[in-house]
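So you know, we letter chains A, B, ... as the sequences are listed, proteins then strands, and number each from 1.
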There are 2 protein chains.
Amino acid sequence: MAVAEGAGSQVKSAVRTVELLEFFAGRPGMHSLAAVQESVGYPKSSLYMLLRTLVELGWIETDATGTRYGIGVRALLVGTSYIDGDEVVAAARPTLDRLSDDTSETIHLARLDGTSVVYLATRQSQHYLRPFTRVGRRLPAHSTSLGKALLATYTDEQVRKLLPETLEPLTEHTHTDREKLIEELAQIREQGFAVDREENTLGLRCFGIAVPYRTPARDAVSCSVPVARLTPAHEQMIKDALFDARDRLLLATRRL
Amino acid sequence: MAVAEGAGSQVKSAVRTVELLEFFAGRPGMHSLAAVQESVGYPKSSLYMLLRTLVELGWIETDATGTRYGIGVRALLVGTSYIDGDEVVAAARPTLDRLSDDTSETIHLARLDGTSVVYLATRQSQHYLRPFTRVGRRLPAHSTSLGKALLATYTDEQVRKLLPETLEPLTEHTHTDREKLIEELAQIREQGFAVDREENTLGLRCFGIAVPYRTPARDAVSCSVPVARLTPAHEQMIKDALFDARDRLLLATRRL
DNA sequence: GGGCTTCGTTCTATATACTGAACGGCGTCT
DNA sequence: AGACGCCGTTCAGTATATAGAACGAAGCCC
């Protein structure tokens with residue numbers, strides 16, 4: 001899960017601390033010491049001390065017996081603060097509201113982190129049929145319109161370095177070949193936006209556009225529509241609204 | 001900020017790691033090494049290694065120069081996973097939706113953590129005039145209806161152990177005397193719900209009720225209303241809806 | 001019911017992370 | 001321009017966290 005960078009001397013306990021937190025985040029629910037040990041591979045005794053420390057600090061919680069561990073409340077505050085402190089998210093707020101009003105569909109603002117995109121802000125569609133989303137959620141870049149729009153601002157060579165040759169499929173429509181994806185990126189650069197045709201979630205088509213306030217781009221906005229509700233006219237309207245939103249966001253972030 | 005529990009040997013780097021994360025969470029924006037050092041008090045060189053490690057892992061980010069630090073994207077995922085994995089939050093979803101529909105006001109589900117309450121879920125009022133809220137936000141227990149409803153499920157003696165003698169005022173209406181608060185808690189036990197009369201935010205009155213699926217209670221729901229919109233009839237309707245929501249939540253969480 | 005496995009916890013030598021001082025680069029003040 | 005002060009970075013001795021094994025307590029099988 002976590003990419004261990006091949007860098008020089010790191011503080012071992014710090015690495016383990018965040019790896020542990022990421023482990024618990026990735027597997028909600030309570031886990032025994034042995035189960036955690038199995039997954040992370042640290043010696044039992046070392047793990048034991050670490051867990052005890054984190055429990056005392058409230059970052060990990062135990063059940064009543066004290067032998068099963070899960071993520072703690074303290075972790076919650078830190079995560080959300082990333083959003084609070086981000087100038088781009090703050091500057092994007094009115095644009096996202098506007099985009100949500102214009103399209104009446106679910107809107108996402110996301111950031112590329114490694115090979116994933118992370119949702120930074122969402123505007124939920126008020127329709128009964130709507131995609132499930134949550135700020136902080138991570139999705140593979142190669143299967144989302146957001147990710148593809150962002151990858152298209154990288155050179156082909158950079159993309160080859162970033163992504164593995166074969167990509168993990170999420171639905172039957174996911175493109176799993178990196179070179180095929182790179183061909184698609186060229187097309188995305190031409191038309192200015194990316195489309196996800198049920199590559200990430202069956203029944204959902206997404207339109208994504210990068211916000212190039214820096215190069216390569218870091219953030220993108222998207223609009224997700226259930227295919228059941230999509231008409232050519234609606235699609236055109238969404239694309240227009242996205243281009244408009246992109247321009248507004250560029251303006252709002254030009255000083256960042 | 002972080003309450004250093006007086007327990008036995010802890011893993012120093014782990015403690016510092018989460019303390020650092022909490023520092024960055026508490027002060028959004030970028031900070032120089034010296035500024036961080038000033039705040040947390042660790043030796044410069046120790047801090048330097050820790051920061052470098054966390055930057056490599058993506059939990060802390062640097063600006064272009066590499067000398068100013070801020071919270072990183074990686075922290076975001078872990079925080080939100082606490083919500084995702086929580087059975088109470090999951091079970092409460094339909095009840096919160098219903099409460100939001102019934103009252104048309106802002107709804108909160110929160111959990112007591114030390115002397116603070118932490119928002120676990122919110123339903124925003126669709127009115128133009130609405131309180132600012134965010135999941136993960138922490139507020140003092142003594143100044144909120146949520147916190148007071150929860151504290152009322154503790155004994156007076158437990159409350160005395162938990163809270164300091166004088167409480168920090170947030171507005172001119174905040175009760176700052178612990179013994180006065182304890183008197184109010186007795187009244188809350190009688191009537192079954194708590195009220196915050198602009199003690200936390202000027203112009204905002206909140207009604208809170210504990211969900212006693214365990215004793216003492218851990219979670220509470222509240223409804224926040226701008227005083228400008230509050231009439232006796234509206235207030236009665238809100239209280240009824242809260243009692244109803246409490247009963248539903250008890251039912252939904254009886255197996256947890 | 002006894003022995004066996006499994007799991008959490010404690011113990012102690014050893015590897016290693018921490019610290020305080022020294023270094024070097026940069027901006028600034030006179 | 002020169003010197004000072006500030007800040008990030010490196011270095012080496014020492015305090016300390018780590019890891020493997022031993023311990024103790026449940027639960028399980030026969």
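The CZ atom of Arg52(B) sits 10 Å away from the C1' atom of dT10(D) (whole-angstrom rounding). In this structure, Tyr42(B) places its OH atom 15 Å from P of dG20(C), rounding to the nearest Å. Whole-Å rounding puts the His31(B) NE2 to dC7(D) C1' distance at 17 Å. Note: CG (Leu51(B)) to C1' (dT10(D)) measures 16 Å, nearest angstrom. Atom CG of Leu47(B) is separated from atom P of dC18(C) by 11 Å (rounded to the nearest Å). Here the C1' atom of nucleotide dC7(C) and the CZ atom of Arg68(A) are 12 Å apart, to the nearest Å. One atom, CE of Met49(B), and another, P of dT16(C), lie 13 Å apart when rounded to the nearest Å. Per the geometry, CG belonging to Leu50(A) stands 17 Å off P belonging to dT16(D), to the nearest Å.
By the 30° and 60° cut-offs, the orientation of the rings of Tyr69(B) relative to Phe24(B) is tilted.
Environment of CZ in Arg218(B): crowded, with over 12 heavy atoms of neighbouring residues, nucleotides or ligands closer than 6.0 Å.
Annotation: cation-pi pair Arg16(A)/Tyr42(A) present, NZ/CZ under 6.0 Å from the ring centroid and within 45° of its normal.
With the nearest nucleotide of DNA chain C identified for both Ser45(B) and Lys12(A), Lys12(A) has the one nearer the 5' end.
A donor N or O paired with an acceptor N or O is found under 3.5 Å between the base of dG8(D) and the side-chain atoms of Lys44(B).
The side chain of Tyr48(B) contributes no N or O atom lying less than 4.0 Å from OP1 or OP2 of dG8(D).
The side chain of Pro43(A) lies closest to dA19(D) when the candidates are dG8(D), dA19(D), dT18(D). Nearest to the side chain of Tyr69(B), among dG8(C), dT19(C), dT9(D), sits dT9(D). Side-chain proximity of Leu33(A) to dC18(C), dT19(C), dG8(C): nearest is dG8(C).
Within the 4.5 Å cutoff, the side chain of Asn200(B) has no heavy atoms near those of the Thr171(B) side chain.
Of the possible polar contacts, none joining the Ser222(A) side chain to the Leu146(A) backbone as a donor-acceptor pair under 3.5 Å is found.
Nucleic acid contact for Arg16(A): sugar-phosphate only, since backbone atoms but no base atoms lie under 4.0 Å from a heavy atom of the residue.
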